[in-house]
Amino acid sequence: MARYELVKRSVALITLTNPPVNALSSPVRHAIAKSMERALSDPKVTAVVICGENGRFCGGADIREFAGPLRGPPLIPVLDAIEAGRKPVVAAIEGVALGGGFELALVCHYRIAHSKARLGLPEVTLGILPAAGGSQRLPRLIGIPAALELITTGRHISAQEALKLGIVDQVTDQNACEMAVEFALKSVGKPLSSRRVSMLTTPCPPDLDALLEAATMQVKKKARGVMAPLACIQAVRAAATMPFSKGMKRESELMTTLFNSGQAQAFQYCFFAQRTAGKWTLPSGAQWNNSKPREIRSAAVIGLGTMGRGIVVSLARVGISVIAVESEKKLLENGRQMVIGMLERDAKRRGVSASLNLLNFTLSLQDLKDVDLVIEAVFEDMALKKRVFQELSKVCRPTTLLCTNTSGLDVDALAGVTNRPHLVAGMHFFSPAHVMKLLEVVCGPRSSSETIATAMSLGKKMGKVSVAVGNCPGFVGNRMLKPYLDQATFLLEEGATPEQIDKALEDFGFAMGVFRMSDLAGLDVGWRVRKESGLTGPDVDSKNPPRRRQGHRYCPIPDMVCEQGRFGQKTGRGWYMYDKPGDTNAKPDPLIQNLLETYRSRYGIQPRNISDQEIIERCLFVLANEGFRILEDGMAARPEDIDVIYLFGYAFPRHRGGPMFYVSMVGLERVLERLEYYHQAHPDVPHLEPSALLKKLVACGSPPVQKWREYIKTMHSHL
Ligand code: 3HC
Ligand code: NAI
């Protein structure tokens, strides 16, 4: 867990050996404490260097240990002993120094970093704060404003930035460990008191209160309802206003509150869920660690609309050459301009040069003969997509992978028109595709393991969080969204307003409620889909009983809004009104209020007061209920995958952990009971009927979310 060696006759080299990230597990803490005792008591040793094996200094506390009781020595006394020691200790930082790893470096008397190393205190992203002295030492070392920013955001910084801020003493391109040994030898005999960060006085700005107040406002706005950044600010205040020992006490009190909170559990669940999502499995037994992806050097994107452009940018910026295809000259030229502009802005932001030389534009599919992979992003029209896939099947070499960005059409039907159904899969990006991190990789029944491995690995290369999902209408994310949106509009019918529903969801933690979000995305998109699927249109409306479609309750209000040309922000009117088209400041619109009142009186609906609790329960329990059905149907492999999809594709608040984790925290029994209640009240809404899996889990004693998989195993998996 830590190797102890004597190098250059007098330097004790302590190497953390806990792969993959040298986390500070109980045995590692124990080994550091023992190694330090040995180094400090051995008269031959004049200085100490601490480094990590495999080019990684330390990824911080072992997060897996957080779930159980503390075992082994606590971290703080181990760190204090390093700082207080009378021999110089140098941290040799390679790879990462994060969280407790950064705090370990802060108690060393000197810090040498490799130029590629990254440092940071990401505890806030786990719902906690740097509680091994980080919140007290960092402000003493670099001042309040800089420390505040790093601690409240959890941002990782480069070695160069760390040098500028005064966190590290030297940055090297060479072996940081060897440099640290040389440095340690030179430090022998020099006074250490000024190198003990806990002994420094925090440089305190005169406008401390205003600074902390501004930071508080900022984090409240950015992370609605999240406790950790606020606690971080309080800890930094303690560093500014209290002596070190009292500040440490404050840090510990704040940590205790956070550590035991449901929010910390949710954040930590998200951390592991994100990593679990990459570990896909197919019913054939093929999985992430036994299937080799193909290397993709060249790709084509068909359709340069909203999605295609972002997909081209995502590919080109990771060095893949792209042929972009449009159907008409003008559209091609327009697409070219847009893509170049996006790539240039992206490159400027990242401080690199735009990879424009990787781009080619064409009107002809014939030019796609030699590409490794194609992503089709033409209109959501099955007949058109089939024509494109037939043509691709003829033109592309037989080994080319053919992928579709469809939001919900049958991927296997597209595979069926090609001469290589095993090489067809869905790659469902989210809008804007160059920004949104989520990629649903849709596994058709005939998709080969190599195809899935390649799509997953390409997603990772593009910086996406890729999740393998089954082939069903809407896949996972959009399939769950429908009942959620339906509930929001049913609540409108029953007496709520868009503002009230949005506020309840925003208070829950969403950055935007469902109606503000719909205005941003554009209301016409869903309208078109509803028309195409026979849910609305003059013919359909006149033939069906009011407020019923395809045998179930249907709310026509969204169609009525669109019929008035209100398509959301882009038209300056939607569920809200805006000062002008494109404006983002949503204001309640009396015309919508009027429309709702007229509608209710036309259908004899007596509006009632609807509580925020009902809004949350109906919208979110129904969302999770569909998630349970997806698990039953085998369209997602595990609840963690569904949560990751909602966190990264639909901005579900991270401190709630995702819809499935959220309902597990509410208690499955309660969720079942509420769904039964609402289903009884609204028997014509099948989505409110509790799913078989939810009932089964409750009958089995409501196991924690991480154990649900054991109960799903028997069901029919498509993944
Ligand atoms: N504890 C336990 N396991 C960890 C871990 C940690 N701190 N950091 C990473 N792991 C595990 C991951 O779960 C993953 O496990 P798996 O292979 O079983 O899925 C494995 O290590 C590799 O992790 P990644 O896939 O994330 O590897 P990358 O190379 O992509 O990233 C990393 C490496 C940047 C270090 C990233 O893992 C990371 O950000 N880790 C968390 C860092 C962090 O938040 N540290 C703070 C911990 S809290 C703390 O220190 C409290 C302190 O104040 C007392
Ligand atoms: P869009 O309408 O903005 O763009 C489609 C583009 O395809 C148009 O520029 C059109 O000219 C082009 N096109 C049509 N036929 C073509 C052909 N034969 N050859 C070459 N180009 C052709 O549509 P958008 O929004 O980009 O959607 C594309 C696909 O992505 C659809 O399947 C959609 O369901 C899916 N999608 C859309 C999302 C969104 O938020 N807009 C999100 C995720 C997926």
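Keep in mind that the numbers below use all heavy atoms, side chains included, and drop hydrogens, waters and symmetry copies. Just so you know, ligand 1 is whichever comes first in the structure, and atom 1 is the first atom listed for that ligand.
Closest to atom 24 (P) of ligand 1, if we only count protein heavy atoms, is R275 NE, 3.6 Å. Among all protein heavy atoms, the one lying closest to atom 42 (C) of ligand 1 is G59 O, 3.4 Å. For atom 7 (N) of ligand 1, the closest non-hydrogen atom on the protein side is A61 O, 2.8 Å. In terms of protein heavy-atom proximity, atom 28 (P) of ligand 1 is closest to R56 NH2, 3.7 Å. Taking atom 40 (O) of ligand 2 as the reference point, the nearest protein heavy-atom neighbour is S431 CB, 3.3 Å. For atom 33 (C) of ligand 2, the closest heavy atom belonging to the protein is S407 OG, 3.4 Å.
Of the possible polar contacts, none joining the N471 side chain to the C443 backbone as a donor-acceptor pair under 3.5 Å is found. Between the D410 side chain and the A413 main chain, a donor and an acceptor come within less than 3.5 Å of each other.
Residue contacts with ligand 1: A131 is placed with a nitrogen or oxygen under 3.5 Å of a nitrogen or oxygen of the ligand (distance criterion only). Here's the thing with I63: one of its N/O atoms is less than 3.5 angstrom from an N/O atom of ligand 1. For ligand 1, the polar-atom distance check against R118 finds no nitrogen or oxygen pair separated by under 3.5 Å. For M307, a nitrogen or oxygen atom sits less than 3.5 Å from a nitrogen or oxygen atom of ligand 2, counting backbone and side chain alike. Backbone and side-chain nitrogen or oxygen atoms of L126 are examined, and none is located within less than 3.5 angstrom of a nitrogen or oxygen of ligand 1.
Using a 4.0 angstrom heavy-atom cutoff, H428 counts as in contact with ligand 2. Ligand 1 lies less than 4.0 angstrom from a heavy atom belonging to P20. Using a non-hydrogen distance threshold of 4.0 Å, F429 registers as a contact of ligand 2. Residue F271 places a heavy atom less than 4.0 Å from ligand 1. Residue contact annotation: R309 has no non-hydrogen atom under 4.0 Å from ligand 2.
Of all atoms in ligand 2, numbered sequentially from 1 with element shown, those under 4.0 Å from a heavy atom of E380 are 31 (C), 32 (O), 33 (C), 34 (O). Counting the atoms of ligand 2 from 1 in the order shown, those under 4.0 Å from a heavy atom of T406 are 32 (O).
The residue from V378, L331, D381 that puts a heavy atom closest to atom 29 (C) of ligand 2 is V378.
The protein does not reach atom 30 (O) of ligand 1 closely, with no heavy atom under 4.0 angstrom from it. The presence of a protein heavy atom under 4.0 Å from atom 11 (C) of ligand 1 is ruled out.
Remark: R64 is not positioned above the aromatic ring of F66, lacking an NZ or CZ atom under 6.0 angstrom from the ring centre and at most 45 degrees off the axis.
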